[in-house]
Amino acid sequence: MKEKVRVRFAPSPTGGLHLGGVRTVLYNYLFAKKNEGSFIVRIEDTDQNRYVEGAEDYIFDCLDWCGLTPDESVRHGGDFGPYRQSERKTNYHQYAEQLVQDGNAYYAFDTAEELEKMRQTPSGDNSVQQYDHRTRMNMRNSLTLSTDEVNQLLAQKTPYVIRIKMPEEEQISFTDLIRGKLFFDSGVLDDKVLLKADGMPTYHLAVVVDDFLMQISHVFRGEEWLPSAPVHILLWKYLFGEENMPAWAHLPLLLGPNGKLSKRDGAKYGFPVYALQWTDPTTGDTTEGFKEKGFLPQGFINFLALLGWNDGSEKEIFTLDELIHSFSLQRVHNSGAHFDYEKAKWYNHEWMKKLDTTILMPAVNEVLKKNGLKITANEKLEKVIDLVKERCTLLPEFYAQASFFFQAPETIDSQAILPKWNEQKKQFFEALVNNLENASDFSAGALTKILNELVATHQLKPGEVMLPLRVMLVGGKFGPGVFDIMEILGKTESIKRIQQGLSIVAKA
RNA sequence: GGCCCGUUCGUCUAAGGGCUAGGACACCACCCUUUCACGGUGGCGAUACGGGUUCGAGUCCCGUACGGGCUACCA
């Protein structure tokens with residue numbers, strides 16, 4: 001193991017950043033920070049056919065929102081750049097050549113048609129035909145062609161790829177930090193392409209070369225990479241020495257309701273799968289993210305961290321700093337975890353209650369503004385947020401819970417009042433308006449007293465008037481304590497709403 | 001098909017040979033609150049199956065079943 005911890009997240013900029021991707025980033029980040037190491041983001045854009053406009057910026061926007069700042073990247077600089085593989089193209093060829101020289105790889109000139117034909121040929125044992133030690137001698141490559149023929153083809157600029165020459169019989173093993181010691185039989189593995197015809201490396205070559213060049217100490221990646229790990233082990237052995245290899249940790253997958261979590265699941269079951277909204281530049285399709293749905297980054301991160309990891313206690317709410325402090329690879333699970341949107345919302349609600357109102361304010365302000373509310377007094381907004389945040393799970397709910405503080409309700413639920421309305425109550429409310437006008441103290445405490453006294457003189461019980469009062473003030477049967485609402489609304493507005501309520505009830 | 005990984009309440013998980021298998025989400029009931037939440041109390045609910053090893057197995061071993069991943073000149 002290297003002295004300094006250096007980990008990397010290596011996304012391919014091809015679209016929205018998925019929950020699973022964010023969790024991989026998170027574990028990378030937590031491990032790096034815990035060990036006072038560096039967190040690097042390397043863009044894996046070796047497939048030029050899959051270039052997607054804006055996808056790279058989008059990834060960094062997601063990281064920004066989550067608060068997971070890289071130490072080195074295209075955007076953050078660093079001594080190991082460039083951090084975009086397309087700009088490192090010249091690095092890879094020499095290593096591929098070295099592998100050929102050493103007899104661990106070879107040139108292959110097969111056309112797409114020839115490959116297809118090989119794959120269609122029945123293998124006899126029901127296994128799918130692949131380019132491997134059983135078939136490679138029937139193909140057009142530098143193993144079957146003479147040196148002269150190969151040189152001639154190369155001189156003619158015939159398109160070729162470089163493939164790894166998988167040993168026919170070798171047990172490849174390595175220790176995964178999460179799964180322990182793993183064994184693979186090289187005989188069933190295929191001769192993966194390392195260098196493509198366009199001169200770009202495939203993931204397999206690029207990941208090994210760049211992890212070496214960038215001095216990566218630990219690799220955290222999804223479990224879907226496990227089957228190709230032996231290829232990477234072999235490349236390390238051939239190129240840089242197994243003793244210099246980073247430690248591997250294959251993270252369990254995040255699953256949807258039916259298997260591997262996909263974008264489709266989100267559409268089907270009505271929950272987001274991307275961190276931030278993603279708009280496909282070719283189709284124009286927009287997919288809402290957790291942020292747009294109204295999640296707080298703190299809640300989102302907290303939820304993701306606990307999906308596959310826990311600190312061994314029953315603690316569930318963690319700040320980023322607490323996560324860094326408590327994180328350990330030993331406590332990362334080894335089996336896939338199903339994404340549960342209800343639980344995700346619960347985490348968000350916990351954070352809604354926990355977070356300081358001043359931190360919530362900008363996001364809440366944005367929600368209200370989007371709904372056409374102009375907030376001028378921040379002090380008032382602060383009081384309002386304090387009062388209603390515990391009943392909001394997602395940010396947009398602030399509109400329904402708080403709009404009446406800034407705007408009189410357009411309609412009121414008079415059906416909640418009418419059935420039990422009578423002359424006695426009417427007189428009470430008229431008297432209430434009068435008493436409120438004379439009130440010198442409009443605090444919740446003083447208001448409670450005013451109402452209770454007045455209720456007594458009208459031969460009523462507080463419970464009989466509270467609901468009508470509430471409905472007149474907020475429009476319906478919801479919201480925080482009535483007297484808290486009146487205090488914030490103030491004398492003029494409170495009286496105005498009661499009078500309006502009274503006239504609506506009179507007309508009905 | 002082949003290879004690989006996995007399997008504790010519906011979901012996230014605790015328990016690393018010795019407990020009535022614990023917690024959280026969701027759900028239900030009650031309490032608090034004359035709204036809605038918050039909060040509180042309780043309930044429902046799991047070691048996939050079969051063999052071993054052991055005085056003793058959710059924990060170790062083997063098999064079966066089931067789930068998942070990979071099997072591209074994609075990552």
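No hydrogens, no waters, no symmetry mates; every other heavy atom, side chains included, goes into these values.
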Problem set entry | A/Tyr27 ring center near A/Trp309 ring center (under 6.0 Å) | no
Every protein N/O within reach of nucleotides 21-23 of chain B N/O, cut-off under 3.5 Å:
from, atom 1, to, atom 2, distance (Å)
B/rG23, O4', A/Glu314, OE2, 3.1

Exercise. Under 3.5 Å, is there a donor-acceptor pair between the A/Asp132 and A/Gln130 side chains?
Worked result: yes
For this session: For nucleotides B/rU20 and B/rC61, find the distance between their P atoms and express it as a whole number of Å.
Result: 25 Å
Problem set entry | Atom C1', compared across B/rG16 and B/rC60: separation rounded to whole Å |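 Their C1' atoms lie roughly 11 Å apart.
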Exercise. What is the per-nucleotide protein-contact pattern of nucleotides 39-46 of chain B, from the 5' end, where B denotes a base atom under 4.0 Å from a protein heavy atom, S denotes such proximity for sugar-phosphate atoms only, and - denotes neither?
Worked result: S-------
Exercise. When you check every protein heavy atom under 4.0 Å of nucleotides 62-71 of chain B, what one-letter string (B, S, -) results, 5' to 3'?
Worked result: ------SBSS
Problem set entry | Within-4.5 Å side-chain heavy-atom neighbours: A/Val74 and A/Glu87 | no
For this session: For B/rC25, give its Watson-Crick or G-U wobble partner with both distances under 3.5 Å, or none.
Result: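 Pairing partner, where one exists within any strand: B/rG10.
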Problem set entry | Watson-Crick or G-U counterpart of B/rG67, or none if no pair lies under 3.5 Å |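 For B/rG67, the partner nucleotide comes out as B/rC5, under the 3.5 Å rule.
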Exercise. What parts of residues 157-166 of chain A reach RNA chain B, counting only heavy atoms under 4.0 Å away?
Worked result: A/Val161, A/Arg163
Problem set entry | Nucleotide B/rA26, atom C1' - distance to CD of A/Glu342 in whole Å |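 Whole-Å distance recorded here is 7 Å.
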Exercise. With sugar-phosphate meaning primed atoms plus P, OP1 and OP2, does A/Arg50 contact a base, only sugar-phosphate, or nothing at under 4.0 Å between heavy atoms?
Worked result: base
For this session: For residues 7-25 of chain A, pull every pair meeting side-chain hydrogen bond (donor to acceptor under 3.5 Å, both in side chains), keeping only residues two or more places apart or in separate chains.
Result: A/Arg8-A/Asp211
Exercise answer: donor-acceptor pairs, residues 172-189 of chain A side-chain atoms, under 3.5 Å, sequence neighbours excluded:
from, atom 1, to, atom 2, distance (Å)
A/Asp176, OD1, A/Ile178, N, 2.8
A/Asp176, OD1, A/Arg179, N, 3.0
A/Asp176, OD2, A/His250, N, 3.0
A/Asp176, OD2, A/His250, ND1, 2.7
A/Arg179, NE, A/His250, O, 3.3
A/Arg179, NH1, A/Asn334, O, 3.1
A/Arg179, NH2, A/His250, O, 2.8
A/Asp185, OD1, A/Gly187, N, 3.0
A/Ser186, OG, A/Pro167, O, 2.7
A/Ser186, OG, A/Glu170, N, 2.9
A/Ser186, OG, A/Glu170, O, 3.3

